Structures are given as C-alpha cells and as structure tokens.
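Report on one structure; see the data block that follows.
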Amino acid sequence: MELASRFITDDEKAVLARLSLVPPMNLESTGSDFLDVWYEKERNLRCAIAQIRAQKMHKDSVPLPAGCTADIISAARTAVGMDSPLSAEQFLFEYRLRLLDDLRPMDAFSIDAVYAYGLRLLLIERMRKFEVENGKISYHKIYDTILDGDK
C-alpha cells in the first residue's frame with residue numbers, strides 16, 4: 001500500500017485503504033466498476049451461503065439478491081456441503097481467486113489492477129491465519145452454542 005500510495009490520487013488512496021473482504025450489505029459505488037462488481041458478487045456469495053445454512057437448520061432466511069447467479073449458488077452449496085469447515089474455506093478461497101482472475105482488468109497498470117492485487121493479498125493473508133486444531137475447537141464451541149440456543 002505504501003508503494004502504491006506514491007503513484008495514485010488521494011481518492012484512490014482512500015479506496016485502497018478501505019479494501020475489505022467483507023462487502024457492505026448496502027452496496028454503494030466505490031468509484032471503481034471493478035470493485036463494485038467484486039463487492040456485489042462477494043455479497044451475493046455470502047447471502048447464498050447464509051441462506052443455504054439457514055435452510056439446512058430449518059430456519060428462516062432472507063431472499064437471495066437479484067444478482068445471485070447459478071455459479072454463485074453452486075459455489076455456496078458446494079462449500080456448505082463440505083464435511084470440514086477448513087475444506088470449505090479452502091474451496092471458497094480458490095473460488096474467490098478464480099473470480100478475481102475473471103474480473104481482473106486487462107490493463108495491468110490501472111488502479112483497478114492495484115485494487116485486485118490488494119484483494120488477492122487480503123485473501124492470502126486471511127487463509128494463512130487458519131490453524132486446523134484451533135479451527136476445530138472454535139467450530140465446536142460455536143456449534144454447541146447454536147445447539148444450546150435451540151433448546
């Protein structure tokens with residue numbers, strides 16, 4: 001970010017500083033068509049995952065956003081259907097990287113290419129934080145809390 005900041009405008013620096021893997025629920029224009037599409041697809045993926053999980057637990061869920069494509073729903077179903085949360089995260093990591101590659105701008109020196117690279121780094125950084133044993137412990141705590149809440 002420091003290197004990129006030397007060559008971009010103040011508005012672009014502000015957008016770069018706000019890059020996130022968690023899209024806002026109410027999508028607003030970022031000033032970048034690339035980021036707007038990325039955030040919409042990520043939001044749709046998260047909504048699809050939430051809906052499928054809710055259905056599996058026989059809970060109410062909100063309708064899917066209008067832009068939720070069959071590809072996104074298929075990825076969500078695959079991830080939710082996996083036995084291991086870590087396997088699901090690895091699958092979603094690879095899915096998101098492929099999506100970034102598909103959306104990546106043709107001009108490798110554009111500001112959107114910088115944003116795409118920033119998102120890629122955030123994804124990689126997130127995956128490096130996963131530890132199998134800590135993940136299992138955390139998963140079981142959350143799962144037990146959910147089951148206890150249903151009683």
Side-chain angles (χ1 to χ4, degrees), residues 1-56 61-143 145:
M1 285 182 62
E2 182 183 329
L3 178 61
S5 294
R6 296 182 207 166
F7 305 103
I8 60 178
T9 68
D10 287 341
D11 289 343
E12 293 166 341
K13 286 179 199 175
V15 172
L16 187 60
R18 287 191 310 269
L19 275 185
S20 174
L21 297 178
V22 182
M25 278 308 287
N26 297 319
L27 296 175
E28 299 174 4
S29 177
T30 61
S32 162
D33 291 341
F34 161 76
L35 277 179
D36 292 347
V37 170
W38 165 260
Y39 283 139
E40 179 185 14
K41 290 189 177 291
E42 179 63 21
R43 179 178 154 265
N44 291 344
L45 175 63
R46 288 168 180 260
C47 288
I49 290 170
Q51 185 185 65
I52 293 165
R53 285 179 177 160
Q55 288 171 349
K56 280 182 76 170
S61 63
V62 296
L64 292 176
C68 204
T69 62
D71 173 59
I72 292 171
I73 294 168
S74 175
R77 281 192 182 127
T78 300
V80 171
M82 293 187 158
D83 293 333
S84 157
L86 182 58
S87 296
E89 285 298 333
Q90 288 169 332
F91 169 80
L92 290 170
F93 170 71
E94 291 169 11
Y95 174 81
R96 288 173 172 127
L97 286 180
R98 281 192 309 275
L99 179 59
L100 269 177
D101 286 342
D102 291 345
L103 297 175
R104 184 181 62 228
M106 297 301 289
D107 181 359
F109 296 101
S110 70
I111 189 59
D112 285 337
V114 174
Y115 298 150
Y117 186 69
L119 287 169
R120 181 177 293 278
L121 291 177
L122 289 174
L123 284 168
I124 292 168
E125 183 178 295
R126 182 177 183 276
M127 282 307 294
R128 286 189 175 174
K129 291 179 181 178
F130 287 106
E131 295 179 13
V132 175
E133 286 309 311
N134 288 342
K136 284 181 183 177
I137 292 168
S138 179
Y139 171 78
H140 288 295
K141 281 183 187 176
I142 293 168
Y143 191 79
T145 301

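We count residues from 1, following the sequence as given. Predicted model, so just to flag it, every value in this text is computed and none were measured.
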Considering non-hydrogen atoms only, spot the tightest contact between [X] and [Y] and give its length.
X      : Y      : value
Ile72  : Ala48  : CG2-CB, 4.4 Å
Asp112 : Ser32  : OD1-OG, 2.5 Å
Ala113 : Ala108 : CB-O, 3.4 Å
Phe91  : Met82  : CB-CE, 3.6 Å
Ala116 : Leu100 : O-CD1, 4.0 Å
Glu42  : Arg46  : OE2-NE, 2.8 Å

Could you check whether any side-chain N or O of [X] sits under 3.5 Å from a backbone N or O of [Y], counting only pairs where one atom can act as donor and the other as acceptor?
X     : Y     : value
Asp36 : Thr30 : yes
Gln51 : Pro63 : no
Tyr39 : Ser20 : yes

Intermediate values then yes/no, side chain to side chain contact (heavy atoms under 4.5 Å, CB included), Tyr95 and Leu45
CA-CA 10 Å; Tyr95 174 81; Leu45 175 63; 4.1 Å; yes
Is the number of heavy atoms from other residues, nucleotides or ligands under 6.0 Å of Tyr117 OH greater than 12?
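Counting neighbours around OH of Tyr117, 12 or fewer heavy atoms of other residues, nucleotides or ligands fall under 6.0 Å, so no.
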Heavy-atom neighbours of Asp107 CG exceed 12 at 6.0 Å:
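More than 12 heavy atoms, drawn from other residues, nucleotides or ligands, come within 6.0 Å of this atom.
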Output the distance between atom [atom1] ([X]) and atom [atom2] ([Y]), rounded to the nearest 0.5 Å.
X      : Y      : atom1 : atom2 : result
Asp11  : Leu16  : CG    : CG    : 12.5 Å
Leu86  : Met127 : CG    : CE    : 6.0 Å
Lys13  : Phe7   : NZ    : CZ    : 10.5 Å
Phe34  : Ile111 : CZ    : CD1   : 11.0 Å
Ser110 : Glu12  : OG    : CD    : 9.5 Å
Glu89  : Phe130 : CD    : CZ    : 4.0 Å

Check the pair Arg96, Leu92 against side chain to side chain contact (heavy atoms under 4.5 Å, CB included), reporting the backbone distance first and the verdict last.
CA-CA 6 Å; Arg96 288 173 172 127; Leu92 290 170; 3.6 Å; yes
Do Leu123 and Leu21 come within less than 4.5 Å of each other through their side chains, counting heavy atoms only?
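Result yes, sub-4.5 Å side-chain heavy-atom pair found.
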Step-by-step side chain to side chain contact (heavy atoms under 4.5 Å, CB included) determination, Leu119 to Leu19:
CA-CA 7 Å; Leu119 287 169; Leu19 275 185; 4.1 Å; yes
Would you mind checking if Arg98 and Asp101 are paired as a salt bridge, meaning a charged N to carboxylate O distance below 4.0 Å?
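Salt bridge absent between Asp101 and Arg98.
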Test side chain to side chain contact (heavy atoms under 4.5 Å, CB included) on Ile49 and Val80; report intermediate values, then the result.
CA-CA 7 Å; Ile49 290 170; Val80 171; 4.0 Å; yes
